[in-house]
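Both ligands and their constituent atoms are indexed starting at 1 by order of listing.
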Amino acid sequence: MIDLQLTDKTHDEGRQGEALVIDAPAKRNGRKLYIESYGCQMNFADSEIVASILLDQGFETTGDYKEADVVFINTCSIRENAEQRVRNRLSQFGVEKRRNPKLIVGVLGCMAERLKSKFLEEEKLVDVVVGPDAYRDLPQLIGQVEDGQKAINVLLSREETYADISPVRLNGNGITAFISIMRGCDNMCSFCVVPFTRGRERSRDPHSILAEAQDLFDKGYKEVTLLGQNVDSYKWKGADAAENAEIEVNFAQLLEKVALISPEIRIRFSTSHPKDITDEVLYTIAKYDNICNYIHLPVQSGSSRVLDLMNRTYTREWYINRIDAIRNIIPDCAISSDIIAGFCTETEEEHQETLTMMDYVGYDFAFTFSYSERPGTLAARKLEDDIPDEVKRRRLSEILLKQQEWSLYRLQQNVGKTLRILVEGPSKKSDKDYCGRTDQNAMVVFPASEEIKAGQYLNVFIERCTSATLLGRIAD
Ligand code: SAH
Ligand code: SF4
Ligand code: F3S
């Protein structure tokens, strides 16, 4: 049983922790690892690295923490409620720990990095705290705990990309996978904790990215999602053995190289930053059929003054210019966004500007959040979190309502059309149905048929839709 799901959520702490389970490795040590992940896709991809490191040590994985020897929780700090969810889960693990004092409980990821040794003081049941750049140290840290000590490594690195570690694919469908192409973030959006929890931005060697994508394709995977906090600033400089020279690779060039592996493999990517997305990237998407026409381009706010306070380094006009470029260069491109309601000092008029921006773009999808002050960020230090909760909630609900209307409208445009999808497997709700995504990332559900297999491309006639899903039948 393997149950990491690919969602179109790039960074949603609302995803409940999902347990990752994989087949047992060849050499076992009889010990079991349970790992649960929260937060963005990058965190889920990291859990695959962690599992790979521990499998190498002879561990096997389990989906039941009650039978585990080691329980890891890979955490997210992006909003306060994300951290609260982790703390609640830790208290459940605490009950188990009291029953089985030998159980090792580890906190990984962004909360570990943010709270460091404070975690060991605050949560007595936690044995080991490991930041996102220190996973290679896990075997040694586990050893330390076995010797009766608490263990911690939260060093951030300027180089670590885990390029040589082959992630254990925990995604059950065998069709879609994530590939981390960079780590960290050098932007300083004033609301955001990520630069503090993930460290400096660094790009991964393109050779290792291409080798990973090729390997996935050889194993039957049909879709890869290239991951980074700001993929458009991907930049790698180094020696190229084949060309016997120094080469420089930017994101557009990387996209092209992955696309050239085979026309049969689809490429997605996330997240794009409005200040960095270039026309070169857009032309590359337009040029290759297998690079999906779907861009996640978070706007955060429609007001230039608020964007400035957020330190996003673009204005409303700049963002609109990027949207116009997408519409011109890739006419049928789906666009999604992240939006924050009630950032410090946001006025009613500025909130309206967010709503009019939504109408200008007509997003296919959006992740919407109430501003949550994060300790240590620029906003926490310099700005007052002065929008009352009920005002944030009301603005958020207006944003949500508008998005629902646009999502429904965008999906409705597909009704009556025949669309090509990549079949991912049985639908979540019923075994009688199959599901798959369109190029534009819309989920399509249709009655299964014996000849249909996961991983094949299929034409589906769209009969109707809900606000989240297209419903159809296999086209003749
Ligand atoms: N690197 C991505 C976003 C990563 S965080 C980008 O720049 O777009 C994912 C989303 O969480 C952000 O886009 C933002 O909308 C939201 N977010 C981040 N910090 C937040 C905070 N303090 N309060 C509310 N939402 C926040
Ligand atoms: Fe956070 Fe901004 Fe970096 Fe995105 S680009 S991770 S919002 S600091
Ligand atoms: Fe959360 Fe860290 Fe990702 S804070 S959104 S898990 S980078």
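Residue V194 has no N or O atom closer than 3.5 Å to an N or O atom of ligand 1. For ligand 1, one of its N or O atoms has an N or O atom of Q229 under 3.5 Å away. Between R374 and ligand 1, a contact under 3.5 Å exists for no N or O pair. Considering backbone and side-chain N/O atoms, N230 never comes within less than 3.5 Å of an N/O atom of ligand 1.
Distances from ligand 1 to the non-hydrogen atoms of A379 include no value under 4.0 Å. Distances from ligand 1 to the non-hydrogen atoms of I78 include at least one value under 4.0 Å. Ligand 3 has at least one atom lying under 4.0 Å from a heavy atom of S77. Residue contacts with ligand 1 include I340, since one of its heavy atoms falls under 4.0 Å from the ligand. Residue contacts with ligand 3: Q229 is included, with a non-hydrogen atom under 4.0 Å away. Heavy atoms of R312 approach ligand 2 to within less than 4.0 angstrom. Contact annotation: R198 has at least one heavy atom less than 4.0 Å from an atom of ligand 3.
Between E223 and R437 there is no salt bridge, since no side-chain nitrogen of the basic residue lies less than 4.0 Å from a carboxylate oxygen of the acidic one. The residues E349 and R305 are annotated as not salt-bridged, no charged nitrogen and carboxylate oxygen being separated by less than 4.0 angstrom. In this structure, D279 pairs ionically with R322, as a charged nitrogen and a carboxylate oxygen lie closer than 4.0 Å. Salt bridge present: K235 and E248 bring a charged side-chain N and a carboxylate O closer than 4.0 Å. With salt bridges taken as basic N to acidic carboxylate O contacts below 4.0 Å, one links E212 and R169. Between R394 and E398 there is a salt bridge, with a side-chain nitrogen of the basic residue lying less than 4.0 Å from a carboxylate oxygen of the acidic one.
Annotation for ligand 3: atoms under 4.0 Å from non-hydrogen atoms of C40 are 3 (Fe), 5 (S), 6 (S), 7 (S). Shown in contact with R79 at under 4.0 Å from a heavy atom are these atoms of ligand 1, numbered in order with element: 11 (O), 16 (C), 17 (N), 23 (N), 24 (C), 25 (N), 26 (C). Close contacts of ligand 2 with H273, meaning ligand atoms under 4.0 Å from a residue heavy atom, involve 5 (S). Which parts of ligand 3 touch C110 is read off a 4.0 Å heavy-atom cut-off, strictly below it: atoms 2 (Fe), 4 (S), 6 (S), 7 (S).
With hydrogens and angles left out, the side-chain atoms of Q92 and N88 include no donor and acceptor closer than 3.5 Å. Under 3.5 Å, the side chains of E36 and Y38 contain a donor-acceptor pair of N or O atoms. Between the side chains of R316 and T356, at least one donor N or O lies within less than 3.5 Å of an accepting N or O.
Only the side chain of R312 comes within 4.0 Å of ligand 1, counting heavy atoms alone; its backbone N, CA, C and O stay farther away. If you look at S372 next to ligand 1, the close heavy atoms, those under 4.0 Å, come from the backbone and the side chain alike. When heavy-atom distances to ligand 1 are checked against a 4.0 Å cut-off, Q300 comes that close only through its side chain, counted from C-beta outward. In F369, the part holding a heavy atom less than 4.0 Å from any atom of ligand 1 is the side chain.
Other residues, nucleotides and ligands place no more than 12 heavy atoms under 6.0 Å from the CD atom of E80.
Among the atoms of C76, no N, O or S atom is found under 2.8 Å from atom 3 (Fe) of ligand 3.
Counting only protein atoms, the N, O or S atoms lying less than 2.8 Å from atom 1 (Fe) of ligand 2 are C192 SG, ordered by chain and residue number.
Residue S180 holds its OG atom at 10.0 Å from CG of N43, rounded to the nearest 0.5 Å.
The backbone N or O of M182 lies less than 3.5 Å from no partner atom in the side chain of E201, so there is not a single donor-acceptor pair.
Among all heavy-atom pairs drawn from K116 and I152, the shortest one is C-CD1, 3.6 Å.
One option in D338, V231, L297 has a heavy atom closer to atom 13 (O) of ligand 1 than any other, and that option is D338. In the candidate list P195, A82, P298, S370, P298 is nearest to atom 8 (O) of ligand 1, counting heavy atoms.
Note on ring orientation: taking the six-membered ring where Trp is involved, the planes of F369 and F367 are parallel (angle under 30°, cut-offs 30° and 60°). Classified by interplanar angle (parallel below 30°, tilted 30° to 60°, perpendicular above 60°), the ring pair F343/F191 is perpendicular.
Partners of F196 according to the ring-ring contact (aromatic ring centres under 6.0 Å, His included) rule, which considers only residues two or more places apart in sequence or in another chain, do not exist here.
For R89 and F72, the positive end is not near the middle of the six-membered ring at less than 6.0 Å and at most 45° from its axis.
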